[in-house]
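These values consider heavy atoms only, across backbone and side chains, with no hydrogens, waters or symmetry-generated copies. Given the structure is predicted, the values throughout are model-derived calculations rather than measurements.
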Amino acid sequence: METQLPDDFRCPISLEIMSDPVILPSGHTFDRVSIQRWLDSGHRNCPITKLPLPEHPCLIPNHALRSLISNYTLVSPSKLQPCPQPQILISSLTSQSSHVGTKLNSLTHLVRLTKHDSGFRRKLTELGAAPGVLKCVGSDDPSLQEKALSLLLNLSLDDDNKVGLVAEGAINRVIKVLRFGSPDCRAIAATIITSLAVVEVNKATIGAYPDAIQALVWLLISGKGREKKEAATALYAICSFADNRRRAIDCGAVPILISLLDSGLERAIEVLGLLVKCKEGREEMMKVNGCVKVLVSVLRNGSSRGVQYGLFTLNCLCTCCERLCFEAINEGVVEICMGLMEEENEKIRRYTSSLVQTLRENHAFG
């Protein structure tokens, strides 16, 4: 049985019905377990607004919402709807006698059931759903492939499933979609890479596939808006693993990312902020004409997160190259830094101070 409860009852992080809703200083409500895990991971911004939080944010119990959820559950038995037998739905995905329409109907049911229910996601994998889902991902039918990818993405949301899905061969299937799928399918495929890369061991495994990073870089070149953004996000996820940075650089990611950043894709600066950590990345950035100008533009017009990565990237480059220091000065970076010194965001102030110190040490200004 699946209970159809209002979306406001679901935690924005876990997407599950909240059992202990608490309010952040930002005013948004989350399940205590989910937001505590977010904070314990070192995040100090609201997952929804991205605004900075205090070092030790107070979690205020949302008694009113908790009471609403409890009362709604008690008085709403009519909201319960029968759920198809999962084993039957899984079998239809692998059966040679199943028509495309039957498989599509089964996938539609399973996507709906796995969207918010982590317990059901685990149950499906325990029942051996992965091979059938991956078979449909490899389908030549675009509708069937897109629905199968949506189900694969839902299954990958559970940390317990991530390593298992990779072991089942999910990466090979997803790489093929990145290359040959429809635009919507390619965007979902890139999102799946991001989801699977949450587990540290998967980052190395994904990067070791010969065409994985190359396919994401290719999507940065050939994709449309959503595809480019999801491809950049996936690269950011897997390039936190150092070996993958060099692989991305070898695939020509640096000039492409700088070009996309110049065109307004701010997600690109996050990836550049990782690639600049290695010598090869810095060397490639120094070769790109106008790189400093693009980075300074991010400092001038970017979001808080973009400014952080822009400051870090520019500082790494200026530390290694006196010429770039003078370029940054000519682009007006000192005036920008003076303004950023007053920012509330502690990271921005710290990175700004480091950049100013680097410029002074390189005698770019007094």
* Asked: What residues, two or more places apart in sequence or in another chain, satisfy side chain to side chain contact (heavy atoms under 4.5 Å, CB included) together with V294?
  -> I258, L261, D262

* Spacing of I23 atom CD1 and L59 atom CG [to the nearest 0.5 Å] -> 10.5 Å

* Asked: How far does NE2 of H28 sit from CD1 of I35, to the nearest 0.5 angstrom?
  -> 11.0 Å

* Hey, mind stepping through L257 and I269 against side-chain contact (heavy atoms from CB on, under 4.5 Å) and telling me if it holds? -> CA-CA 8 Å; L257 287 165; I269 189 60; over 6 Å; no

* Asked: How about E230 and T191: does a side-chain donor come under 3.5 Å of a side-chain acceptor?
  -> yes

* For the student: nearest non-hydrogen atoms of I193 and A234, plus distance -> CG2-CB, 3.9 Å

* Asked: Is it true that E346 and R350 make a salt bridge, defined as a side-chain N closer than 4.0 Å to a carboxylate O?
  -> yes

* To do: Considering only NZ, NE, NH1 and NH2 on the basic side and carboxylate oxygens on the acidic side, decide whether E283 and K287 come within less than 4.0 Å.
  => no

* Going by distance alone, is a donor N or O of one side chain under 3.5 Å from an acceptor N or O of the other, for T233 and R267? -> yes

* To do: State, with a plain yes or no, whether a side-chain heavy atom of R179 is found less than 4.5 Å away from one of Q214.
  => yes

* Measure the shortest side-chain to side-chain distance between N362 and F326 over non-hydrogen atoms and say whether it is less than 4.5 angstrom. => no

* Asked: Do L89 and L127 share a hydrophobic cluster (ILVMFWY, side-chain heavy atoms under 4.5 Å, transitive)?
  -> yes

* Interatomic distance, R66 atom CZ to S19 atom OG [nearest 0.5 angstrom] -> 7.0 Å

* Compute whether any side-chain donor of one residue and acceptor of the other, for S303 and E266, lie under 3.5 angstrom apart. => yes

* Asked: Is there a donor-acceptor pair under 3.5 Å between the side chain of D117 and the backbone N or O of F120?
  -> yes

* Once you round to the nearest 0.5 Å, how far does CG of L39 lie from CZ of F30? -> 9.5 Å

* Just wondering, do E331 and E327 contact through their side chains at under 4.5 Å, heavy atoms? -> no

* Asked: Please walk me through it: do T352 and E343 pass side chain to side chain donor-acceptor pair (under 3.5 Å)?
  -> CA-CA 10 Å; T352 300; E343 276 283 332; over 6 Å; no

* Asked: For S240, which of K277, K203, R245 qualifies under side-chain hydrogen bond (donor to acceptor under 3.5 Å, both in side chains)?
  -> K203

* Asked: Quick check: are there more than 12 heavy atoms from other residues, nucleotides or ligands sitting under 6.0 Å from NZ of K162?
  -> yes

* Asked: Hey, is the main chain of A190 close enough, under 3.5 Å, to the side chain of T194 for a donor-acceptor pair?
  -> yes

* To do: Kindly indicate, with the supporting measurements, whether the criterion side-chain contact (heavy atoms from CB on, under 4.5 Å) is fulfilled by I48 and S26.
  => CA-CA 9 Å; I48 293 178; S26 64; over 6 Å; no

* To do: Taking all heavy atoms of L165 and all of A130, pick out the closest pair and write down the distance.
  => CD2-CB, 4.0 Å

* Return yes when atom NZ of K135 has more than 12 non-hydrogen atoms of other residues, nucleotides or ligands closer than 6.0 Å, and no otherwise. => yes

* **Atom pair CG (L359) and SG (C325), whose distance is rounded to the nearest 0.5 Å** => 5.0 Å

* Heavy-atom side-chain contact between L216 and L178 under 4.5 Å -> yes

* **R226, K224, K147 screened by salt bridge (charged side-chain N to carboxylate O under 4.0 Å, His left out) with D184, the one that passes** => R226

* Asked: Can you check whether L311 reaches L340 side chain to side chain, under 4.5 Å on heavy atoms?
  -> yes

* Asked: Does a donor on one side chain sit under 3.5 Å from an acceptor on the other, for Q145 and D141?
  -> no

* CG of D140: more than 12 outside heavy atoms within 6.0 angstrom? -> no

* Contact check, side chains of L272 and Y309, non-hydrogen atoms, under 4.5 Å -> no

* Structure fact -> One should read off an interatomic distance between C251 SG and I256 CD1, to the nearest 0.5 angstrom, of 9.0 Å

* **Min side-chain heavy-atom separation E55-R44 under 4.5 Å** => yes

* Asked: Taking 4.0 angstrom as the limit, do R305 and E270 come out as a salt bridge?
  -> yes

* Would you mind reporting whether V22 and I60 have side-chain heavy atoms less than 4.5 Å apart? => no

* Smallest separation among heavy atoms of C337 and V356, with atom names -> CB-CG2, 3.8 Å

* Would you check, one step at a time, whether the test side-chain contact (heavy atoms from CB on, under 4.5 Å) holds for I213 with I206? => CA-CA 8 Å; I213 292 176; I206 293 168; 6.0 Å; no

* Contacts of type side chain to side chain contact (heavy atoms under 4.5 Å, CB included), residue P183, not counting sequence neighbours -> R186, E227

* **Any donor-acceptor N or O pair under 3.5 Å, side chains N62, T29** => yes

* Check K347 against Q308 and note the closest heavy-atom contact, atom names and distance. => CD-OE1, 3.2 Å

* Sequence neighbours left out, what passes side chain to side chain contact (heavy atoms under 4.5 Å, CB included) with P131? Give chain and number order. => E168

* To do: If the plane angle is over 60° it's perpendicular, under 30° parallel, otherwise tilted; pick one for W38 and H43.
  => parallel

* To do: Please step through side chain to side chain donor-acceptor pair (under 3.5 Å) for the pair S118 and E16, ending with a clear verdict.
  => CA-CA 8 Å; S118 63; E16 296 176 16; 2.5 Å; yes

